[in-house]
2 protein chains.
Amino acid sequence: MAADVEEAVAAVRARGLRLSTPRRIVIEALFASPDPVSAEGIAGGLGGRLPKSDLTSVYRNLEVLEELGLVRHVHFGHAPGLYALASRDEQEYVVCERCSRHVALPADRLKRARAAIRDETGYEVRFTHFPLVGMCPDCAAGDGERE
Amino acid sequence: MAADVEEAVAAVRARGLRLSTPRRIVIEALFASPDPVSAEGIAGGLGGRLPKSDLTSVYRNLEVLEELGLVRHVHFGHAPGLYALASRDEQEYVVCERCSRHVALPADRLKRARAAIRDETGYEVRFTHFPLVGMCPDCAAGDGERE
DNA sequence: ATACTTGCAAATGATTTGCCAGTGT
DNA sequence: ACACTGGCAAATCATTTGCAAGTAT
């Protein structure tokens, strides 16, 4: 479901939405970023790789695309939300709250943890929208780095 | 470590800090709330139970008390941060991202999940500062409620 | 007396909303 | 043509910062 820009564009049209230039740029930006990007990053044109756009429109388009199920966003700690293609963001994240280094994990890598949480709480959790937070091995070992 | 207001006051003094009226009120508010409260809740006097205070001072005092290790705060989804006594907040939380219902868990209840995550990622995670997010049994069953 | 604190105003950062002009279909 | 969008300014929300006046020790 939406493996490239044209497919995403088609999905947008299929829902009766229009395809304006700013909207197309947002879509392209998402396909151009291997990692989740902030709205500001997209508005800034990914640092020159794409035309800049209005930040408000970027937010509004991300919202629309998220409703369509094409986009999703993650919150790393207190940082601004980061957006990514839903098709690509089947990953879960763990962030270090000391050095803010983060690791992306394939979808079912934390199956065991999820099952343990389900057993204990009844909740079906995911670490996609709000990632796991903790200490990375280095910071836990005592020597914090970065940030 | 700080089981009642006077002990907390003593801890503050022991670190060479002054004990002003606003600061004492923040401490009392934290002891008076069984659940985590927002800065605004404290400034509002917990709805009449305590004198109101200036929101800025509340934030500043919470910050100081957090540095002393007396206080800690949790982020439930996008909601404002909630503050609680560190001695009481050895709990971890699971929130439902649909109905926002949450459950507090005793400190070691998620031991297994934490261990699984440590095995898979090397990270030592805790669900105290940023809680677990997922779907509660009811919402997962299809019938969302509240909010 | 002298730092530490307060309280009010103003700044900040992320995101949203209002509103009217612009434009895709 | 007409509803959907864009862009810019202004609003919001939670939190922080500046700074002069107040006060605990």
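In what follows, chains carry the letters A, B, and so on, assigned in the order in which the sequence lines appear, proteins first and then strands, with residues in each chain numbered from 1. What you see is a predicted model, and the numbers here were worked out from it, not measured in a lab.
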(request) Report the secondary structure of DNA chain D in dot-bracket form, marking unpaired bases with a dot and bases paired to a different strand with |, and treating Watson-Crick or G-U pairs with both distances under 3.5 Å as paired. (result) ||||||||||.|||.||||||||||
For [X] and [N], give me the distance from atom [atom1] to atom [atom2], rounded to whole Å.
X	N	atom1	atom2	value
A/Leu55	C/dT17	CG	C1'	14 Å
B/Glu40	D/dC13	CD	P	10 Å
A/Glu67	D/dC4	CD	P	14 Å
B/Arg15	D/dT25	CZ	P	17 Å
B/Phe76	D/dA14	CZ	C1'	17 Å
A/Leu68	D/dC4	CG	C1'	14 Å
A/His78	D/dT16	NE2	C1'	13 Å

(request) Report yes if a side-chain nitrogen or oxygen of A/Tyr59 is closer than 4.0 Å to either non-bridging phosphate oxygen (OP1 or OP2) of C/dT15; otherwise report no. (result) yes
(message) Can you classify the ring geometry of B/His78 versus A/His73 as parallel (below 30°), tilted (30 to 60°) or perpendicular (above 60°)?
(response) parallel
(message) One character per nucleotide, please: for nucleotides 4-12 of chain C, 5' to 3', B when the base has a protein heavy atom closer than 4.0 Å, S when only the sugar-phosphate does, - otherwise.
(response) BSBBBB---
Rounded to the nearest 0.5 Å, how far apart are [atom1] of [X] and [atom2] of [Y]?
X	Y	atom1	atom2	result
B/Lys111	B/Arg118	NZ	CZ	11.0 Å
B/Tyr93	B/Leu132	OH	CG	12.5 Å
A/Arg114	A/Glu92	CZ	CD	4.0 Å

Which heavy atom of [X] sits nearest a heavy atom of [Y], and at what distance?
X	Y	result
B/Tyr123	A/Val95	CE2-C, 3.6 Å
A/Ala32	A/Leu46	CB-CD1, 3.8 Å
A/Ile25	A/Pro51	CD1-CG, 3.6 Å

(request) Is it possible for you to say whether B/Phe130 and B/Leu62 belong to one hydrophobic cluster, with membership spreading through side-chain heavy-atom contacts below 4.5 Å? (result) no
(request) For B/Arg13, answer base if it contacts any base atom (sugar-phosphate contacts may also be present), sugar-phosphate if it contacts only those atoms, and nothing otherwise; contact means non-hydrogen atoms under 4.0 Å. (result) sugar-phosphate
(request) Give the intermediate values and the outcome of salt bridge (charged side-chain N to carboxylate O under 4.0 Å, His left out) for residues B/Arg126 and A/Glu97. (result) CA-CA 10 Å; B/Arg126 291 170 344 188; A/Glu97 63 184 335; 3.2 Å; yes
